[in-house]
2 protein chains.
Amino acid sequence: MKRKSKGLSKREQLLNTALELFARQGIHATGIDTIAEQSRVTKKTLYAHFHSKDELVLAVLRHYDGLARNEFMRHVERRGKTPQARLLAIFDVAQRWFQQNNFYGCLFINTIGEYSDADTPIRQICKEYKKLVKGYIRELCEQAGALDPNELAEELALILEGATVTAQVSQNPKTAHIAKRAAKALIDKAIPQTRSTRSAHSQ
Amino acid sequence: MKRKSKGLSKREQLLNTALELFARQGIHATGIDTIAEQSRVTKKTLYAHFHSKDELVLAVLRHYDGLARNEFMRHVERRGKTPQARLLAIFDVAQRWFQQNNFYGCLFINTIGEYSDADTPIRQICKEYKKLVKGYIRELCEQAGALDPNELAEELALILEGATVTAQVSQNPKTAHIAKRAAKALIDKAIPQTRSTRSAHSQ
DNA sequence: TATTACATATACAGATCTGTATACTTTCAA
DNA sequence: TTGAAAGTATACAGATCTGTATATGTAATA
């Protein structure tokens, strides 16, 4: 056992601190010293775990990738019981996210804004994350019986993205509401209606 | 006359260079020295025009704000002749933007990712820009006869945002196509149909 | 108990960053 | 032609950044 108090290894402490700081301040604006101090760890230890800042950045992104996707899907699945309900629940989950006081937009989006080089692995992780989220949405669309699941998933993923960015800029969580409204319209249009949804689809 | 070759004042040269570098690399990653060198201007001259980096950043954002909004509206109005056509033309204009080789996403979004402080003037400029764009879209929605112009404008602005971010991440301009498709569905739903649009709105 | 792995404290090298200072040159208008 | 405005070239101050080095302390294991 090499755990200390709070049950967090040095490595996890560093990842959490770095995640918090990167998300709030951006990556270039966050120094290694600050991360080490705030993690109550020396720079030596930090560099023992991560050989460079770039490596730390990559580790943080991968760490957050798992964390975020997992939690996102978990909440969606708890909040909606049918696939179609889950597609809408996405935006309720988003709203709760936007309301958190440590919401600074999507880390991956913000990171890509700082790294425009097309072939940096940092970009690829961000790209991959978005792809996986869209894949999850597409699964839900398939299960919900959408005529063209991929098309609907593309649209919904795009709306989620727009809601996130708009919430970040406006600092107004009601953005999620707008997104949900738009999503509902598109879902109703894309899924052959049984009695499941109560939308104003005359006839 | 204090113009030099190419008809650009030192100030304009600096603003253009800084804009290009900020957009490509991000703000924190771009040094004053680089901006000065690339503008073929000494640091002394730079600081004679802008008293600090923050001031330069603000000037660049304001400069780009005018430039971008103006060009955006100009293209939309040239490409679409009726208000409703213009609402769709937004996404054609966006597509052309995404295809440019110096497209690095929305400068304002990227900038907000680097400045999370709620009350920094930098944030306010970004926020204001988005508000003005949405205002323009709302005007078009009103002219197009939308039942609830504000609601439709919120949705379309959100979709545009989502398309921009998604194009930035995926580096695939077809995102604009997805956005246009979603927008069309929402527009058709929000505007009482005359014979103007040829959508598959059975009866 | 001795070893090994991991951590600390602290200092430093070398680069880069923002911003200023000094001294010289060009431009143009009164 | 003279004088002010604006620009150049260059150096530097002081802070901060990434990354390394040295020497010491601690905790569990063999």
Side-chain angles (χ1 to χ4, degrees), chain A residues 1-61 110-111 113-117 120-122, chain B residues 1-61 111 114-117 120-122:
Chain A
M1 259 328 144
K2 51 180 64 163
R3 290 288 147 73
K4 292 201 77 166
S5 62
K6 285 192 255 176
L8 284 176
S9 72
K10 297 288 172 191
R11 187 166 201 279
E12 285 166 318
Q13 276 184 282
L14 283 163
L15 286 174
N16 286 339
T17 307
L19 171 58
E20 156 81 24
L21 289 170
F22 288 164
R24 191 169 74 225
Q25 305 181 328
I27 295 176
H28 285 101
T30 301
I32 289 287
D33 297 75
T34 311
I35 296 169
E37 282 164 29
Q38 211 136 131
S39 304
R40 275 189 258 276
V41 151
T42 55
K43 268 208 294 186
K44 187 113 209 260
T45 304
L46 187 154
Y47 276 104
H49 285 284
F50 311 98
H51 302 91
S52 68
K53 185 179 180 180
D54 269 5
E55 206 169 282
L56 173 60
V57 170
L58 286 173
V60 167
L61 291 177
N110 294 347
T111 299
E114 293 195 62
Y115 293 86
S116 70
D117 238 34
T120 181
I122 290 178
Chain B
M1 257 333 143
K2 52 180 63 166
R3 290 288 146 72
K4 294 200 77 168
S5 60
K6 286 192 252 171
L8 284 176
S9 70
K10 296 287 171 191
R11 201 189 138 85
E12 285 166 318
Q13 275 183 279
L14 284 163
L15 286 174
N16 287 338
T17 306
L19 171 59
E20 157 81 25
L21 289 171
F22 288 164
R24 190 169 74 227
Q25 306 182 327
I27 295 176
H28 285 101
T30 302
I32 289 288
D33 297 72
T34 311
I35 297 169
E37 280 164 31
Q38 210 139 128
S39 306
R40 274 188 259 274
V41 149
T42 53
K43 269 210 289 187
K44 187 115 210 263
T45 303
L46 188 155
Y47 276 105
H49 286 285
F50 310 98
H51 301 93
S52 69
K53 185 180 181 181
D54 270 4
E55 207 169 282
L56 173 60
V57 170
L58 285 173
V60 167
L61 291 177
T111 299
E114 293 196 60
Y115 293 86
S116 70
D117 238 33
T120 181
I122 291 178

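Owing to the predicted nature of the structure, the values given are computational and were not obtained by experimental measurement. Note: hydrogens, waters and symmetry copies are ignored here, and every other heavy atom, side chains too, is used. Proteins come first, then strands; the chains are lettered A, B, ... in the order of their sequence lines, and each starts at number 1.
Near DNA chain C, meaning a heavy atom under 4.0 Å from it, residues 41-56 of chain B has B/Lys43, B/Lys44, B/Tyr47, B/Ser52, B/Lys53 in order of number. For DNA chain D, the neighbouring residues in residues 23-33 of chain A, judged by any heavy atom under 4.0 Å, are A/Thr30, A/Gly31, A/Ile32, A/Asp33.
As a whole-Å value, the separation of A/Ile35 CD1 from D/dT18 C1' is 11 Å. Note: CG (A/Leu21) to C1' (D/dT16) measures 16 Å, nearest angstrom. To the nearest angstrom, P of C/dA7 lies 13 Å from CG of A/Leu8.
Within the structure, the salt bridge (Lys or Arg N to Asp or Glu O under 4.0 Å) test picks out the following pairs touching residues 26-35 of chain B (sequence neighbours left out): B/Asp33-B/Lys43. Screening residues 30-57 of chain A for ring pair (Phe, Tyr, Trp, His ring centres under 6.0 Å) gives no qualifying pairs among residues at least two apart or on separate chains.
Not counting sequence neighbours, the partners of A/Ser52 by the side chain to side chain contact (heavy atoms under 4.5 Å, CB included) test are A/Asp54, A/Glu55. A/Thr120 pairs by the side chain to side chain donor-acceptor pair (under 3.5 Å) definition with nothing, not counting sequence neighbours. For A/Gln38, there are no side chain to side chain donor-acceptor pair (under 3.5 Å) partners at least two apart in sequence or on another chain. In terms of the salt bridge (charged side-chain N to carboxylate O under 4.0 Å, His left out) criterion, A/Lys44 has no residue partners (sequence neighbours excluded).
Here the CG atom belonging to B/Leu14 is positioned 8.0 Å from the OG1 atom belonging to B/Thr45, to the nearest 0.5 angstrom.
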Side-chain donor-acceptor contacts of residues 17-29 of chain A below 3.5 Å, not counting sequence neighbours, with atom names and distances?
| unit_1 | atom_1 | unit_2 | atom_2 | d |
| --- | --- | --- | --- | --- |
| A/Thr17 | OG1 | A/Gln13 | O | 2.9 |
| A/Thr17 | OG1 | A/Ser39 | OG | 2.9 |
| A/Glu20 | OE2 | A/Arg24 | NH1 | 2.6 |
| A/Gln25 | OE1 | A/Thr30 | OG1 | 3.0 |
| A/His28 | ND1 | A/Glu114 | OE1 | 2.7 |

